[in-house]
Amino acid sequence: MATPVRANERLSIAMERTGQWVFSQEIPTDVVVRVGEANFSLHKFMLVAKSNFIRKLIVETKEADLARIDLSNIPGGPEIFEKAAKFCYGVNFEITVHNVAALRCAAEYLQMTDQYCSNNLAARTDDFLTQVALSSLSGAIVVLKSCEDLLPMAEDLKIVQRCVDLVSSNACNEANFPSRSPTNWWTEELSILSVTFFGKIITAMKQRGAKSLTLASAIITYTERALRDLVRDHTGNGTKSSGFDDPNIRTQQRELLESIVSLLPSEKAAFPINFLCCLLRSAIFLKASTSCKNELEKRISVILEHVTVDDLLVLSFTYDGERLFDLDSVRRILSGFVEKEKSMAVFNGGDFRETCSTAMLRVAKTVDAYLSEIATYGELSIAKFNGIANIVPKGTRKVDDDLYRAIDIYLKSHPNLDEIEREKACSVMDPLKLSYEARLHASQNKRLPVQIVLHALYYDQLQLRSGTEDRKGPDATTTRHQLQADSSLIKENEELRSELMKMKMYISDLQKSNHHGATSAKGGQKRPTFFSSMSKTLGKLNPFRHGSKDTSNLEDDVDITKPRRRRFSIS
C-alpha cells in the first residue's frame with residue numbers, strides 16, 4: 001500500500017509545481033490536459049509551439065473551442081508529461097539516466113521532433129543518450145531497465161537495441177580485462193533487469209564470442225537474485241517461503257525458471273553441479289515443463305563425477321526437508337551417467353564389465369552413501385531403494401560394505417518388514433563381497449534374513465578350512481569358483497567311494513570261493529593267481545595310493561567327502 005501513496009504524493013507535488021510556473025505567466029489558461037488521474041491547466045499556444053500532436057488535436061477537433069485534452073496514453077505518465085510541458089514553456093528540468101528513455105518516448109508520442117521545431121525534446125534526449133547515458137555499462141543498464149515499461153515504443157526507437165549492444169560489448173570487455181574489483185561486479189548490475197532483457201544481453205554476448213564460463217557467471221548471479229527463495233542456498237533445508245502457496249507467484253517463478261534454463265550455454269560443464277541441482281529441485285517443485293527438467297538432468301549426468309551426497313539430497317527433499325520428492329529424476333541422472341560411461345568404455349576398446357573408470361567408482365561410492373541418508377524415511381519403498389542401488393553396475397563395487405550399511409539402516413528404519421521383504425531389500429548386495437569386519441557384523445545382525453547370515457558364515461568357514469584368512473576381503477569370482485569346486489569334489493568322492501565299496505565286496509567273494517584252491521599248493525612256490533594280479537591292478541588304479549591309507553583299509557565311518565586343503569587354497 002506504501003507505493004501508491006508515494007506515487008500520489010509525487011503527483012500532487014508535480015501538479016503544484018506545474019501550477020506555480022504556469023500561473024507565473026500571468027495569462028489565463030485555456031486548456032486542461034488530463035494524464036491518468038492528474039489534470040494540468042495549460043496554455044494552448046505554448047503546447048502547440050513544440051508539439052505537433054497537440055496541434056493536430058486542436059486543429060482537427062470539431063469543437064468550437066477545445067478545452068480538455070486526454071493524454072493518458074503518453075509514455076511515462078503524469079511525471080514525464082510534466083517535464084515535457086516544462087520543455088514547452090522553456091522551464092529547466094533535469095534529464096537523468098532514469099527518465100531519458102521515457103522522455104524520448106514521450107517526445108515521439110507528442111511529435112516533439114526537429115521536423116516540427118528545431119532543437120526539440122527528441123533531439124535533446126537523443127544527445128543525452130549518446131553522450132551521457134550510454135557512455136558506461138552501468139548507465140546503459142539503468143536505461144534498459146526503464147525501457148521495460150516503455151514497450152514497444154522503446155524498441156521501435158532502437159533504444160533497447162542500443163543499450164543491449166553497449167552492455168554486451170562492455171560486459172565482454174570486463175570479463176576479459178577487469179577494470180575494478182570484484183571482477184564479476186557487472187553480473188550484479190545485470191541482475192536488476194527483466195529476464196527478457198537479460199536474455200537479449202546473454203544472446204548478444206554469445207554472438208560476440210563470450211566464453212561459457214563468463215556467461216555462466218552472469219546466469220548464476222542473475223538466478224540467485226531473481227529466484228532468491230528457491231536457490232538461496234545449496235542445502236535443501238531452507239525455511240518455507242510464504243509465497244510458495246500463491247499460485248500466481250509460482251506461475252511467475254516457473255516461467256522465469258524455464259526462461260533461464262533456455263539461456264544456458266551449450267557447454268555442459270560450464271556450471272557447478274550444486275547450482276544445477278538447485279535449479280532441478282526448483283523445476284521439480286514448480287512443476288516446470290518436461291523439456292526444462294530433461295535439459296537439467298542431462299547437464300547433471302554429464303558432470304556427475306563431481307556430485308556429492310549433499311547435491312543428491314538437494315534433489316531428493318522438499319524445501320522443508322521433511323518429505324522425499326519423486327526420485328525419478330535421480331534415477332534418470334544416474335542411468336544417463338552409467339550409459340555415458342559404458343559408451344566411453346566401448347569407444348576406447350575396453351569392456352565396461354572388466355574395467356570401470358575413476359569417475360564411475362567415485363559415483364558408486366557416493367550413491368551408496370546417498371542411500372544411507374535416505375534409508376531412514378518411511379515413504380521410501382523397497383522398489384525405489386533397490387531401483388537406485390541397481391543402477392550402479394555390480395562390478396563397480398569392489399566391496400559392498402557401504403551398500404550393506406545402507407541396507408542395515410533401511411532394515412532398522414523399517415522394522416515391520418517380513419522375511420521375504422527383507423530378502424528383497426538385501427538382494428542388491430553380494431554377501432561374498434563384504435570385508436571381514438562387515439561379514440563379522442552381518443553374522444551377528446538379527447535384522448538380516450537368515451539366507452544372508454548363512455552366506456557370511458559359510459564363506460568364513462571356507463576361509464578357515466582353506467587355512468587362509470584374508471581380512472582385506474576376498475575376490476568374489478574366486479570364491480564362487482571355490483564353491484563350485486567344492487561341490488564337484490564332494491560329488492566325485494561320493495561316486496568313487498561307491499565304486500570302491502562294490503569292488504571290495506566283489507573281490508572278497510571271489511577270495512572266499514577260491515580259498516581251498518589257493519591253499520592246496522602249500523609247501524611249493526606261490527604262483528601269481530588271477531585275483532592277486534587283479535588286486536595289484538586295482539591298486540595301481542587307486543587314486544589314494546599315494547595317501548597315508550590304502551583303499552583296502554578304508555572303514556565305512558571315515559569321512560572321505562571332506563575336501564583336501566589344496567583344493568581350497570587361494571592363489
Side-chain angles (χ1 to χ4, degrees), residues 212 264-274 276-277 279-280 283-284 290-316 326-374 382-407 424-434 473-481:
S212 296
L264 302 184
S266 57
E267 177 62 40
K268 301 295 183 182
F271 294 89
I273 194 168
N274 53 8
L276 294 175
C277 288
L279 280 186
L280 181 54
I284 296 172
T290 302
S291 59
C292 175
K293 291 186 286 189
N294 288 345
E295 175 64 21
L296 292 172
E297 289 170 0
K298 290 178 182 178
R299 288 177 177 271
I300 294 173
S301 65
V302 168
I303 56 174
L304 193 63
E305 61 195 83
H306 304 294
V307 77
T308 64
V309 176
D310 288 339
D311 296 332
L312 291 178
L313 292 177
V314 162
L315 289 178
S316 307
D326 190 345
L327 301 179
D328 288 343
S329 286
V330 176
R331 294 182 60 178
R332 286 192 292 267
I333 290 170
L334 292 174
S335 297
F337 174 77
V338 172
E339 290 301 320
K340 183 200 74 170
E341 290 295 308
K342 289 181 178 179
S343 300
M344 291 180 62
V346 173
F347 179 77
N348 294 330
D351 188 346
F352 182 78
R353 293 172 298 178
E354 296 179 358
T355 59
C356 292
S357 65
T358 304
M360 188 71 246
L361 296 175
R362 186 183 299 116
V363 170
K365 191 173 184 64
T366 303
V367 169
D368 290 345
Y370 165 73
L371 288 172
S372 298
E373 293 292 334
I374 66 174
I382 295 176
K384 290 183 178 180
F385 182 87
N386 288 359
I388 295 176
N390 283 326
I391 292 175
V392 179
K394 294 185 181 297
T396 304
R397 298 183 178 97
K398 301 305 179 183
V399 291
D400 277 7
D401 287 13
D402 292 334
L403 185 57
Y404 166 64
R405 179 176 180 270
I407 293 173
K424 288 182 180 179
C426 295
S427 63
V428 296
M429 177 184 65
D430 188 350
L432 299 180
K433 292 173 65 175
L434 296 178
D475 180 77
T477 304
T478 303
T479 302
R480 290 191 183 90
H481 291 166

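Bear in mind that the values here come from a model prediction, so they are computed numbers and not experimental data. Values below: every heavy atom of this structure, side chains too, minus hydrogens, waters and symmetry copies.
Taking each heavy atom of L334 and V367 in turn, the nearest pair found is CD2-CG2, 3.7 Å. Contact record, M429 with L403: CA-CD2, 4.1 Å, taken as the closest heavy-atom pair. Nearest approach of P265 to R299, heavy atoms of both residues: O-NH2, 2.5 Å. Contact record, L296 with A283: CD1-CB, 4.2 Å, taken as the closest heavy-atom pair. In plain terms, the two heavy atoms of F337 and M360 that are nearest each other are CE2-SD, 3.8 Å. Across every non-hydrogen atom of F385 and A425, the tightest pair is CE2-O, 4.5 Å.
Rounding to the nearest 0.5 Å places CD1 of I284 at 6.5 Å from NZ of K293. The line from CD of E297 to SG of C292 is 10.0 Å long, rounded to the nearest 0.5 Å. Between N386 atom CG and I391 atom CD1 the span is 11.0 Å, to the nearest 0.5 Å. Note that CG of D400 and CZ of R405 are 14.5 Å apart. Values are rounded to the nearest 0.5 Å. Here the OG1-CG distance, from T366 to D311, works out to 9.5 Å after rounding to the nearest 0.5 Å. Between the CD1 atom of I303 and the CG atom of L276 there is a distance of 5.0 Å, given to the nearest 0.5 Å.
Checking each of V307, T308, L312, V314 against I273 for a side chain to side chain contact (heavy atoms under 4.5 Å, CB included) leaves exactly one that passes, namely V307. For the side chain to side chain contact (heavy atoms under 4.5 Å, CB included) criterion with Y404, the lone passing option out of V428, V399, D430, L434 is L434.
Side chain of K433 to backbone of K394: a donor-acceptor contact under 3.5 angstrom is found. Remark: the backbone N or O of V392 is not paired with any side-chain donor or acceptor of T396 at under 3.5 angstrom. Between the side chain of K424 and the main chain of I382, no donor-acceptor pair closer than 3.5 Å is present.
Within a 6.0 Å radius of NZ in K268, more than 12 heavy atoms belonging to other residues, nucleotides or ligands are found. Around atom CZ of R332, more than 12 heavy atoms belonging to other residues, nucleotides or ligands sit under 6.0 Å away.
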message: If you apply the rule side-chain contact (heavy atoms from CB on, under 4.5 Å), what do you find for R362 with T358, and how did you get there?
response: CA-CA 6 Å; R362 186 183 299 116; T358 304; 3.7 Å; yes
Pair R397-D368, salt bridge (charged side-chain N to carboxylate O under 4.0 Å, His left out): steps then yes or no: CA-CA 10 Å; R397 298 183 178 97; D368 290 345; 2.9 Å; yes
- prompt: Do L315 and S329 pass the side-chain contact (heavy atoms from CB on, under 4.5 Å) test, and can you show the C-alpha distance, the side-chain angles, and the key distance before you say yes or no?
  reply: CA-CA 8 Å; L315 289 178; S329 286; 5.8 Å; no
- request: Take Y370 and I388 through the side-chain contact (heavy atoms from CB on, under 4.5 Å) test and state the conclusion after the steps.
  value: CA-CA 10 Å; Y370 165 73; I388 295 176; 4.1 Å; yes
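With contacts defined as side-chain heavy-atom distances shorter than 4.5 Å, the pair V330/S316 qualifies.
Side-chain polar atoms of S291 and N294 form no donor-acceptor pair below 3.5 angstrom.
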